[in-house]
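FYI, side chains are in, hydrogens and waters are out, and symmetry mates aren't considered; it's all heavy atoms of this structure. Numbered from 1 within each chain, the chains take letters A, B, ... in sequence-line order. Fair warning: this is a prediction, and the values are worked out from it, not measured in the lab.
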Amino acid sequence: MPELPEVEVVRAGLAPAVTGARIAAVEVFDRRALRRHDQLSVDFESGLTGARVLAAVRRGKFLWMPLADADAHADANVNADAEGERNGRALVAHLGMSGQVLLRTPGHPGPGVPGEHLRVRLHVEHPDHGELVVDFDDQRTFGGMAIDRMLPTPDGERAGFSAGVDGAWARSIPSQVAHIARDPLDPAFDDAAFARALARKKSEIKRVLLDQTVASGIGNIYADESLWRVRMHPQQPASSLSRKRVDELLTAVRAVLEQALAEGGTSFDEQYVNVNGASGYFAHSLNAYGRDGEPCPRCGTTMVRESFMNRSSHRCPRCQRIRAGVKTRAA
DNA sequence: AGAAACGCCTGCCAGC
DNA sequence: TGCTGGCAGGCGTTTC
């Protein structure tokens, strides 16, 4: 289940292979993988062929590759509006539930390999690394790719994380990612604005953590882990939290995301792998997620699983209780 | 307008 | 054994 750490592992693996590379050819084996693509603006295959990849950027769970056209001066075929023309285009990817990006050598077998669900294949030519195949594999097709136009970021800050690689594209964001909030690891993430957003929400805190328009990158696994770490009940009303508790929660979220990132992400079975097909190790570090029936690593109480938002919450019934009146303690 | 419910999709597994 | 239903779950869309 790719959340921020898993997507970042993919981005970091993809970046050196594609930055500066030219897309020589595109194969789409299942057009459902283009679900988010605006088919009217530009054909996916012809829109990518010949383009040069400028970087690999991530915000939350969204990944994109800003593009430079093969010949920027003779770009008469692209029927983009002036705004899109000025800010450029990007190849946007979302892994959904089961998406994988895999780097392969030319000649790698195509669709039909048992256990694989190859949807899109890019043939790229890198000035240093030569020819390379970038495969988008997605069992459940909750993920997808699209060509999207870029918009300037409203705050003028960098749109997402690209490991220091810079360019004119850095302060533009694909239109379909524009409504997604910055993630808690983003230097431009606004802690005070996050606290204000929570103060306005009567919803349960876990629901708010999963709302990508409030803070992005957090999914079910890291929400449960963060709430366990900060001893917070997933159904604690967001507006009941003091600023102090919000800050503690943000600290916990960042610690969990960073630790997972350091361990290569969370892998169950073969559902999540890096660009080389290898699994991450964070599944061994989980304290709450999937541990129902086992003792809480902190207090020994048997952990429980509860149905929540059509999914599961895992918590310690002793450490994580709903508390009333915490709002009054701190400003 | 904000929140909740729904639909998308496939593989796996418990239960009958 | 073979079927069915439930579960996994992020995000866009629809409904309330």
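- One interatomic measurement links the two molecules: CG of A:Leu4 to P of C:dC11, which rounds to 11 Å at whole-angstrom precision.
- The main-chain N or O of A:Val230 is found under 3.5 Å from a side-chain atom of A:Arg245 such that the two form a donor-acceptor pair.
- The interatomic distance linking A:Leu34 (CG) with C:dG12 (C1') rounds to 16 Å, in whole Å.
- Taking atom CE of residue A:Met97 and atom P of nucleotide C:dC7, one finds them 15 Å apart after rounding to whole Å.
- Regarding A:Leu210, its CG atom lies at a distance of 14 Å from the C1' atom of B:dA4, rounded to whole Å.
- A heavy-atom distance below 4.5 Å is not found between the side chains of A:Arg121 and A:Val28.
- Proximity of A:His94 to the phosphate of C:dG10: no side-chain N or O atom is located under 4.0 Å from OP1 or OP2.
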Check nucleotides 6-10 of chain B for protein N or O atoms closer than 3.5 Å to its own N or O atoms and list the pairs.
unit_1: B:dC9; atom_1: O3'; unit_2: A:Arg32; atom_2: NH1; d: 3.4
unit_1: B:dT10; atom_1: OP1; unit_2: A:Arg32; atom_2: NH1; d: 3.0
unit_1: B:dT10; atom_1: OP1; unit_2: A:Arg32; atom_2: NH2; d: 3.3

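- Residue A:Ser203 places none of its side-chain N or O atoms closer than 4.0 Å to OP1 or OP2 of B:dG2.
- A:Arg229 pairs in a side chain to side chain donor-acceptor pair (under 3.5 Å) with only one of the listed residues (A:Glu248, A:Gln320, A:Gln259), which is A:Gln259.
- Following rounding to the nearest Å, A:Asp183 (CG) and C:dG10 (C1') show an atom-to-atom distance of 16 Å.
- As rounded to whole Å, 5 Å separates atom P of C:dG10 from atom NZ of A:Lys61.
- Under the 4.5 Å side-chain heavy-atom criterion for ILVMFWY residues, no single connected hydrophobic cluster contains both A:Phe29 and A:Leu102.
- In this structure a side-chain-to-backbone donor-acceptor pair under 3.5 Å is missing from A:Arg298 to A:Cys319.
- Two residues are said to be in side-chain contact when any heavy atoms from C-beta on lie closer than 4.5 Å; A:Leu209 and A:Tyr222 fail this criterion.
- Comparing the end axes of the helix from B:dG2-C:dC16 to B:dC16-C:dG2, each fitted to five base pairs by superposing C1' atoms of four pairs onto the next four, gives an inter-axis angle of 50° (nearest 10 degrees).
- Counting to the nearest Å, the P atom of C:dG10 and the NZ atom of A:Lys206 are 9 Å from each other.
- Look at A:Glu6 and A:Arg11 and you find no salt bridge, because none of the NZ, NE, NH1 or NH2 atoms lies under 4.0 Å from a carboxylate O.
- A donor-acceptor contact shorter than 3.5 Å is absent between the side chain of A:Asp183 and the backbone of A:Arg59.
- Taking side-chain N and O atoms only, A:Lys201 has no distance below 4.0 Å to OP1 or OP2 of B:dG2.
- Atoms CG (A:Asp292) and P (C:dA8) sit 9 Å apart, rounded to a whole Å.
- A:Lys202 comes within contact range of no nucleotide atom at all, as no heavy-atom separation falls under 4.0 Å.
- Side chains of A:Arg305 and A:Arg315 form no contact here, defined as non-hydrogen atoms less than 4.5 Å apart.
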